[in-house]
Amino acid sequence: MENLMIAFILISPCLGNISHLLSESSTTTTPSSPKPYSFHYQAGRYPGNIDRIHQESGDGTGHVQGSYSFIDPKHKIRTVQYIADENGFHASLINYEDTVVQPVDSETVRLAKEKHFRLYQKIAEANAHGVPINLPQNSASVERAKDKHIQLYQKIAEEHAAIAAQRETERLAYEATSIVNDVNLDHAY
């Protein structure tokens, strides 16, 4: 779950469309030597309210480091610090401890789990000692439904067998009346 969250957090800032920021002349550039860079920005959904910050710098040789922070729906500040180098991308999550903590069971859930485990133990012990399990008996309507199902299954199986036999007969007739092509394999492509 933590890896999934890391991937989501790292991909989400990249989902915006920036094509409107590029001029037509900037689409064809000649490669130049790498240059160091650095940027930092703050943004908010409402005027005067900053709810995300991103900063990054690169040395021009492929080593990049940065971080971004945002306020999540629980009003907690979440931060991701990252480094990208020749060994890959390495992210550190800050203030994410509560996202990996399992929730505490309520009293109702705790009682249901206890009941489940007691029933599981009872069935496991019965199976270990060869005690037959008390399965529910079929009612008259269940028996009728089973009979109807078996009849339909048999009817469909017979129809499929007839179709298969007909296709086999057609295949044999086709083979018996077909002329073999005289293909010279010595002139293969």
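Just so you know, these numbers use all the heavy atoms, side chains as well, and skip hydrogens, waters and symmetry mates. From a predicted model like this one, the values you see are computed outputs, not experimental measurements.
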Practice item. With sequence neighbours excluded, tell me which residues meet side chain to side chain contact (heavy atoms under 4.5 Å, CB included) with His63. Key: Asp59, Thr61, Asp85, Glu86

Practice item. Indicate yes or no: at least one non-hydrogen side-chain atom of His160 is less than 4.5 angstrom from one of Ile156. Key: yes

**Study point:** Members besides Ile71 in its Ile/Leu/Val/Met/Phe/Trp/Tyr cluster (side-chain heavy atoms under 4.5 Å)
**Key:** Ile77

Check your understanding: Atom CG in Leu119, atom CD1 in Ile123: separation rounded to 0.5 Å?
Key -> 4.0 Å

Point to revise | Whichever hydrophobic residues join Leu152 through chains of side-chain contacts under 4.5 Å | key: none

Review point. If you look only at pairs with a residue in residues 61-75, which of them pass as a salt bridge (charged side-chain N to carboxylate O under 4.0 Å, His left out), with sequence neighbours excluded?
Key: Asp72-Arg78

Side-chain donor-acceptor distances from residues 137-150 under 3.5 Å, at least two apart:
unit_1, atom_1, unit_2, atom_2, d
Asn138, ND2, Glu143, OE2, 2.9
Ser139, OG, Ser141, OG, 3.1
Ser139, OG, Val142, N, 3.4

Review point. Do Tyr37 and Phe89 share a hydrophobic cluster (ILVMFWY, side-chain heavy atoms under 4.5 Å, transitive)?
Key: yes

**Study point:** Qualifying residues under side chain to side chain donor-acceptor pair (under 3.5 Å), relative to Glu114, sequence neighbours excluded
**Key:** Arg110

Point to revise | Any residue meeting salt bridge (Lys or Arg N to Asp or Glu O under 4.0 Å) with Asp51, in chain and number order, not counting sequence neighbours | key: Arg45

Practice item. Compute the centroid of each ring, for Phe39 and then for His54, and state whether the two points are separated by less than 6.0 Å. Key: yes

Exercise for review: Using the test side chain to side chain donor-acceptor pair (under 3.5 Å), find all partners of Asn95 that sit at least two apart in sequence or belong to another chain.
Suggested key: none

Practice item. Kindly write out the residues that satisfy side chain to side chain donor-acceptor pair (under 3.5 Å) with Thr79, not counting sequence neighbours, or none if the list is empty. Key: Ser69

Review point. Under the side chain to side chain contact (heavy atoms under 4.5 Å, CB included) test, which residues partner His40, sequence neighbours left out?
Key: Gln42, Ile53, Gln55

Point to revise | Parallel, tilted or perpendicular: ring planes of Tyr82 versus Tyr68, cut at 30 and 60 degrees | key: tilted

Check your understanding: With sequence neighbours left out, what residues match His75 under side chain to side chain donor-acceptor pair (under 3.5 Å)?
Key -> none

**Study point:** Any pair counted as salt bridge (charged side-chain N to carboxylate O under 4.0 Å, His left out), so long as it reaches residues 150-174, sequence neighbours left out
**Key:** Glu168-Arg171, Arg171-Glu175

